[in-house]
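Shown next, in structure tokens, is the structure this report addresses.
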Amino acid sequence: MDVADLRDAAHDRAVLAEARVVLARRLGVPPGEALQHLIWLARDLDMDLAEAASVLVKDGGGGPVGAVVAGRRAPRAEGVTAERKAVLSEAEDVLRRLADEDTSADAGTLAGLPDDPVARAVLDGALDSCAHLVPVRDPDGDVTDFLFAELNGVARDMFGRGRDELTGLRLLRTDPGAVLSGLFDEYVEVLETGTRLERDSFPYSTAQRGLSRASRMSARCVPVPTGVCVTWRYHFAEDRVARRLERVERLALIGFGEWDLATGEADWTPQMLANYGLSSDEVPPMPHDLPKVVAEDDLPLVEEAVQTMFSRREPVEAEHRVIGKDGTPRHLWVFAEPVLGDSGLPISINIVSQDITRRRGVERALAETRRQMLRQQARTAQERKVAVTLRRAILPDEDQVEQLPGLSMAVRSLAAESTARIGGDWFATRVLPDGRAMFAIGDAAGHGLPAAAAMARTRNGLLGLACTGEPAGRLVGWLNELVGNMDPPATGTAIVAHFNPSRRLLEWTCAGHPPPILVRDGRAVPLDAVRDPMLGAMPGWRYTTITTDLHPGDLLFLYTDGLVERRDADMDERTERLTGILRDCSERPERVLDEVLARMEHDRAADDTTLFALRVE
């Protein structure tokens with residue numbers, strides 16, 4: 001890619017990046033999501049991505065148009081960390097108190113333990129983790145701990161330790177959570193009173209060697225002649241399911257609820273309460289009270305849904321708004337179904353709600369952005385119409401181009417079909433009073449109406465300056481000052497040439513433009529050029545006048561970069577292809593232009609293109 005290709009590619013990337021930021025601000029979404037919305041908008045409006053980005057940037061001053069930022073928040077680890085630190089701290093306190101206890105008699109206690117067939121039967125019959133615990137007493141006879149006398153083969157504690165690791169150890173030293181949860185005191189009560197203990201699914205935390213573990217747990221404890229037998233189960237799978245459900249609720253803003261119509265009680269998850277703007281200590285409304293928390297305009301819809309559930313006993317779904325305490329509406333999509341009893345009457349109602357406020361905000365913002373882009377597209381189309389009209393008013397039709405002495409000539413000036421790519425290509429011819437022929441070709445930088453306006457002023461300025469009869473270098477120098485002082489500032493490229501028909505002498509100047517290609521005796525080569533700066537770039541620059549002798553039958557081919565520039569091809573390779581085509585072309589200028597346009601696979605949508613073919617008589 002040459003400098004122009006890189007410049008255009010960088011420009012498109014910059015416009016795309018700016019459009020992404022503009023759309024992200026309008027929609028209240030991250031830039032990555034805004035880019036996806038921009039792609040969808042471009043497809044919807046049948047525009048290429050660069051053109052859609054350009055239209056959006058041109059109308060990008062409107063700011064946000066009503067989008068709502070997502071209510072989701074990333075999970076915070078601070079609370080969990082604080083809870084684990086608290087568990088570790090309490091566990092360490094327990095372990096410090098136990099550290100000084102004398103355990104030297106523990107082995108003797110277990111060695112002298114009489115046979116306990118009841119404990120053995122409990123261990124053999126247990127399907128879950130089970131341990132036979134024997135008490136450790138202080139001099140006053142109070143139970144201070146328990147020893148693991150035996151464990152069944154499936155027994156595992158919170159850290160994965162089983163029979164081989166735990167047998168012979170004390171309970172509280174291996175599992176201080178027994179104290180923190182109150183289980184130890186309950187085990188002592190079972191031992192001393194002979195009662196049974198059953199605790200189902202309660203939160204349990206413990207710690208060991210600086211690590212904490214937590215899960216829900218179920219435990220049973222029964223007395224045996226030599227102590228107690230404890231059976232336990234950790235509900236890790238249930239914990240995982242609960243955590244996944246919590247994550248689903250948080251990520252998708254989905255809440256679950258159940259109304260018990262018999263008792264009048266409501267059980268709502270925290271996200272369900274949050275969706276309706278309720279705190280954890282507030283009582284959820286019952287179905288008939290639901291309209292009280294709904295936006296007034298949506299009351300008929302919700303009342304009809306409630307009536308449908310009770311009268312027709314069918315599931316319903318509806319969208320309604322809830323007005324928050326700050327007055328901000330929240331959009332909820334609600335699914336509800338009645339649960340029927342044996343009599344066929346509803347006994348409870350299950351309800352699911354999803355907060356779709358962000359989605360509705362993005363949709364509203366996208367709709368407004370689409371309307372604005374359509375308006376901007378219409379304005380751009382109008383600008384293109386004006387630019388095309390201006391081109392037609394300034395540039396003569398191809399069959400009305402003034403013929404030059406000593407030359408047969410053909411010209412094609414093709415405006416870009418794309419609204420965003422119409423540019424500032426121009427050409428000019430004039431017969432001077434001294435009999436010389438003046439011809440020029442150029443390209444005002446940019447696209448759209450500003451480029452067309454710069455093109456008109458550049459071309460008209462050159463035609464006015466040409467009356468002085470000054471050399472091409474002097475004319476381009478003056479033209480450089482004219483372009484540099486335009487308001488707004490402009491730049492462009494040009495080739496300006498004088499042809500003396502009596503001497504067949506070409507005097508020309510190149511201001512940043514591709515040099516002419518000379519076709520002579522079956523060879524085609526670009527003329528050696530002094531590539532002076534483009535117009536408007538360097539004030540006060542002295543441009544060089546180049547002299548080239550021409551022969552009868554020579555063909556000069558001049559063109560703008562729209563002919564050879566392609567995003568997917570190297571410009572030098574395209575130029576070499578052009579010279580190869582010119583070697584094989586007809587000698588007639590009209591036929592030359594037709595063959596070049598056909599064989600170069602010219603893309604009318606990409607850019608303006610102007611071609612000159614001049615044959616020396």
Side-chain angles (χ1 to χ4, degrees), residues 1-5 404 406-409 411 425-429 436-443 462 466 470-480 491-535 537-538 541-565 570-585 587 589 592-593 596 600 609-617:
M1 297 178 69
D2 68 357
V3 174
D5 288 321
L404 301 177
L407 298 170
S408 58
M409 180 181 63
V411 64
D425 280 16
W426 57 271
F427 65 93
T429 60
R436 290 181 301 161
M438 190 277 291
F439 58 89
I441 189 170
D443 183 4
L462 175 62
E470 290 293 329
R474 178 72 62 86
L475 292 181
V476 175
W478 289 337
L479 194 61
N480 178 52
T491 57
T493 65
I495 287 179
V496 177
H498 289 141
F499 176 70
N500 188 327
S502 62
R503 300 170 54 191
R504 295 189 180 91
L505 182 66
L506 183 70
E507 297 175 304
W508 58 288
T509 296
C510 178
H513 200 86
I517 297 176
L518 174 62
V519 183
R520 175 186 294 170
D521 299 331
R523 298 178 63 240
V525 292
L527 293 179
D528 292 333
V530 177
R531 297 289 292 269
D532 285 328
M534 63 193 309
L535 300 174
M538 300 289 291
W541 187 268
R542 298 184 64 179
Y543 285 81
T544 304
T545 299
I546 307 166
T547 301
T548 303
D549 291 320
L550 298 178
H551 301 163
D554 285 352
L555 181 76
L556 276 178
F557 185 85
L558 292 83
Y559 61 96
T560 56
D561 55 11
L563 179 64
V564 293
E565 282 190 348
D570 181 77
M571 188 170 178
D572 290 338
E573 292 178 358
R574 296 272 296 171
T575 303
E576 290 179 7
R577 180 180 180 182
L578 174 61
T579 57
I581 293 172
L582 288 172
R583 282 195 299 268
D584 302 330
C585 277
E587 294 182 356
V592 169
L593 299 186
V596 166
M600 285 294 291
T609 302
T610 298
L611 313 179
F612 246 133
L614 305 103
R615 187 174 184 277
V616 179
E617 299 295 340

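Keep in mind that the numbers below use all heavy atoms, side chains included, and drop hydrogens, waters and symmetry copies. Sequence positions, counted from 1, serve as the residue numbers for this chain. What you are looking at is a predicted structure, and each value in this text was computed from that prediction instead of being measured.
Here the closest non-hydrogen pair linking Met571 and Asp561 is CE-CB, 4.2 Å. Counting all heavy atoms, side chain and backbone alike, Asn480 lies closest to Met538 at ND2-O, 2.8 Å. In terms of heavy-atom proximity, Leu611 sits nearest to Leu593 at CB-CD2, 3.7 Å.
For Arg531, the CZ atom is densely surrounded, since the number of other residues' heavy atoms within 6.0 Å is greater than 12. Other residues, nucleotides and ligands place more than 12 heavy atoms under 6.0 Å from the CD atom of Glu617. The neighbour count for Trp478 CH2, taken as heavy atoms of other residues, nucleotides or ligands under 6.0 Å away, is above 12. Annotation for Arg520: atom CZ counts as buried by contact number, over 12 foreign heavy atoms lying within 6.0 Å.
Checking side-chain atoms of Arg574 against main-chain N and O of Leu563 turns up a donor-acceptor pair under 3.5 Å. The closest donor-acceptor contact from the side chain of Asp532 to the backbone of Thr544 lies under 3.5 Å. Not one N or O on the side chain of Thr493 forms a donor-acceptor pair closer than 3.5 Å with the backbone of His513. Under the 3.5 Å distance criterion, the side-chain polar atoms of Asp584 are left unmatched by any main-chain donor or acceptor of Ile581.
Atoms CZ and CD, on Phe499 and Glu507 in that order, are 11.0 Å from each other to the nearest 0.5 Å.
In the model, Thr560 has a side-chain atom that pairs as donor or acceptor with a side-chain atom of Asp425 under 3.5 Å. Between the side chains of Thr610 and Trp426, no donor N or O sits under 3.5 Å from an acceptor N or O.
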- [ ] For side-chain contact (heavy atoms from CB on, under 4.5 Å), just list the numbers for Phe612 and Tyr559, CA-CA rounded to whole Å, side-chain angles, deciding distance to a tenth of an Å, and then say yes or no.
- [x] CA-CA 6 Å; Phe612 246 133; Tyr559 61 96; over 6 Å; no

